[in-house]
There are 2 protein chains.
Amino acid sequence: MSAPKTRRRGAATIDLVLCSARHGRLHVLVTKSAGGTPVLPYAWSAEGEGLEQAARELARDVAGHPAAWLASGAATSAKRHPAGAALSVPFIGVMGPTVVVPSGSAWHAVDALPALAPRQKAMAEGALDTLRLHMDLAPVAFRLLPAVFTLSELQQAYELLLGRHLHKASFRRALQAAYLVAPTDEWRSEGRGRPAQLFQYAPRKRRGNHRSVRFDLIGR
Amino acid sequence: MSAPKTRRRGAATIDLVLCSARHGRLHVLVTKSAGGTPVLPYAWSAEGEGLEQAARELARDVAGHPAAWLASGAATSAKRHPAGAALSVPFIGVMGPTVVVPSGSAWHAVDALPALAPRQKAMAEGALDTLRLHMDLAPVAFRLLPAVFTLSELQQAYELLLGRHLHKASFRRALQAAYLVAPTDEWRSEGRGRPAQLFQYAPRKRRGNHRSVRFDLIGR
DNA sequence: GACATTAGTCGCGGTTTGTTACCTATTGCC
DNA sequence: GGCAATAGGTAACAAACCGCGACTAATGTC
C-alpha cells in the first residue's frame, strides 16, 4: 500500500436508495454494516470514476442485479452519515419486484425503515419525491415492474408513485393514446377472475404532442 | 458531538448557475477568476455548513441579491473543474431581469457562453433542464420576473422555459383556472399599444385538482 | 382620422376525461 | 352443469378542457 493519502478515497460517499414495489408499498434495500447496524449501501467516491457509474456498480454488487433505472438526488452535508462522510450524494435506483437480495440485506417499507443514520434516513425518505419528479419524463413506473406485466400491475405502480387511486378506464385510455405498451401473446391467470393479458414497455414515436401548461400543480 | 474541526476546504465545490431572463433568452451569470478567465461562481464546501445555505450566500455575494429560487442539480465528478475539485455540486438559481451585477461579472446567453472549464460548461448547459424539471412543481417562471409583472411577460417567461410558443387566450384561461395570480391596481404603458395590467404571484388554495396521468411526456 | 401595435376577451368545435354501465373469462361451490 | 364471485376489459355519455380564430380596447404615430 502507498502512504496514507486522505484524498484517495474522496471526502464524499455515494449512497444508494434502491427502490422496489412490494405488496403495494415502496420498499428500500437496507444492508448491515460490519457492526451489524442497518445502513443504506454506500461507497466512497473515487477520483477518476464517474459518480453514476459507481452507483450502478454499487447497485449490481449489492442486489446482484443492475438497477433498471437510476437518478441522482440532491447532495447533502446535513446531519450524520454512518461513515462520517462530510458530503453524500444519493442515487435513487429502481428494480423489479422479483429481485431476491443476498442474505444480510432486506427490503423495508420506506415508511417503516429501521434505525438508519439520520442522513441516510433523510435520503431514503426523499426517494419517493425524486421518483415523482422524474416519472413524467422517464418510464419509472415501468421499471418497478418485470419486463412483462399486466395493465392492472402497471396501474398499481402508478398509484403507488402518485399516492392516489386512478380510474381503470381512464388510465387505460390514456395509456392507449400514448402508444407506450404493446400486448404480448401471453395471458396470466392469477387464480380467481378472468386472466389478464401481458404487456411490455414498447414506446412508439408520436407526434409533437403539445399540451397545455401545468399550472395546476404549482403551489401544492 | 464531533470535535470542533477546522473549517478546511472540502474536496467538493458548490458551483452556482445563476439564471435570468434577458431579451427573451436565458442568461447565466459568469464572473472572472483571479487570472481573468471566465468562471461560474463557486465556493469550496465547508464542513458544518449546509450546501444550500452556502449556495444562497454565494448568490448574494456575487449578485448583490438573494436568489429568488434555488435548487441543486446532479453532483458530478466528470471533466475538469477550474479549481481542480474532485467533486462539484451545481446549484441552479433564478433571479429577476432587473438585477444589476457588479463589474467583473456579466450575464451571458446560455447558448453563447464564454470559454468555461468543461465541467462548468456542462453544468450551465444543464441548467435549463433542471428548471424545466421543477417548473411544474415550483413557481420558477414567476421568479424570473419582478414581483409585479404583466401577463405577457409571464407568458414570455413560460415560453422561454418551455422552448415553444403558447397561445395567448389558452395561457390566460389556464392561469385563471389555477388561481395563481392576483391583479394589482397598477397599469403599465410600454409606449405603443394598450397599457397592460400588472399582476403579482398570489397562489390561492384550490381543491384537490387531480388531473390525469402524463403518459404523453414519457419517451421524449 | 387612419393606422399600427399591444392588451385582453369571447365563443365555436373538436378532444380529453371522469364515470357508469355492461360484457367477458375464469375459479370455486352446490 | 348451474351459479355466484371475482377480476379483466370496453362502450358510451356528459362535462370539462383546449386550440384557435376573431373580436374589442387602449394607446402612439403619421
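Just so it is clear, the model here is predicted, and its values are computed rather than measured. To find a chain, count down the sequence lines: A is the first, B the second, and so on, and within it residues start at 1.
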Nearest-nucleotide 5' precedence on DNA chain C, B:Ser212 against B:Pro195
B:Pro195
By the 4.0 Å heavy-atom rule, please label A:Thr150 as base, sugar-phosphate, or nothing.
nothing
Starting from C1' on D:dA7, measure out to CG on A:Leu198 and report it in whole angstrom.
14 Å
Quick check: does any side chain N or O of A:Thr13 sit under 3.5 Å from a backbone N or O of A:Asp15, one acting as donor and the other as acceptor?
no
Hey, does B:Gln197 reach any base, or is it just sugar-phosphate, or nothing, if we go heavy atoms under 4.0 Å?
sugar-phosphate
For B:Ser152 and A:Ala174, find the nucleotide of DNA chain C closest to each by heavy atoms; which residue's nucleotide sits nearer the 5' end?
B:Ser152
Taken to the nearest whole Å, CD/A:Glu186 to P/C:dA25 is 19 Å
Rounded interatomic separation in angstrom, taking CZ from A:Arg188 and C1' from C:dA25
16 Å
Counting only heavy atoms not in A:Arg204, do more than 12 fall under 6.0 Å of its CZ?
no
Assess the residue pair A:Leu166 and A:Arg164 against the criterion (side chain to side chain contact (heavy atoms under 4.5 Å, CB included)); give the C-alpha distance rounded to whole Å, side-chain angles, the decisive distance to 0.1 Å, and a yes or no.
CA-CA 7 Å; A:Leu166 300 174; A:Arg164 64 187 175 93; 3.8 Å; yes
Which nucleotide in the list D:dT27, D:dA7, C:dG8 gets nearest to the side chain of B:Ala196?
C:dG8
Spacing between A:Glu190 atom CD and D:dG8 atom P, to the nearest angstrom
8 Å
Between C:dT20, C:dA7, C:dT27, spot the one nearest the side chain of A:Ser189, thanks.
C:dT27
Determine yes or no for a side-chain-to-main-chain donor-acceptor pair under 3.5 angstrom, with A:Ser20 supplying the side chain and A:Val99 the backbone.
no
May I ask you to verify if any side-chain N or O of B:Ser170 is less than 4.0 angstrom from the OP1 or OP2 atom of D:dC18?
no
Check A:Arg214 against B:Ser212 and note the closest heavy-atom contact, atom names and distance.
NH2-O, 3.6 Å
What's the CZ-P distance between A:Phe199 and D:dG8, to the nearest Å?
12 Å
Distance-only donor-acceptor test (3.5 Å): side chain A:Arg192, base C:dT26
no
To check you understand the geometry: which heavy-atom pair defines the closest contact between B:Leu137 and A:Leu133, and what is its length?
CD2-CD1, 3.9 Å
Select one nucleotide: of D:dT24, D:dC20, C:dG18, the one nearest the side-chain heavy atoms of B:Ala169.
D:dC20
Write down the distance between NZ (B:Lys168) and C1' (D:dA22), rounded to a whole number of angstrom.
11 Å
Distances under 3.5 Å between protein N/O atoms and the N/O atoms of nucleotides 1-5 of chain D, please, pair by pair.
none

Euclidean distance, atom CZ of residue A:Arg194 to atom C1' of C:dC23 [Å, nearest integer]:
8 Å
By nearest atom, which of the nucleotides D:dA26, C:dT9, D:dG8 is closest to the B:Arg172 side chain?
C:dT9
How long is the line joining CZ of A:Arg211 and P of C:dT16, in whole Å?
8 Å
Side chain of B:Arg173, base of C:dG8: donor and acceptor closer than 3.5 Å?
no
Do you know the tightest heavy-atom contact between A:Leu113 and A:His108?
CD2-CB, 4.1 Å
Looking at every heavy atom in both B:Leu18 and B:Val94, which two are closest together, and how far apart are they?
CD1-N, 4.0 Å
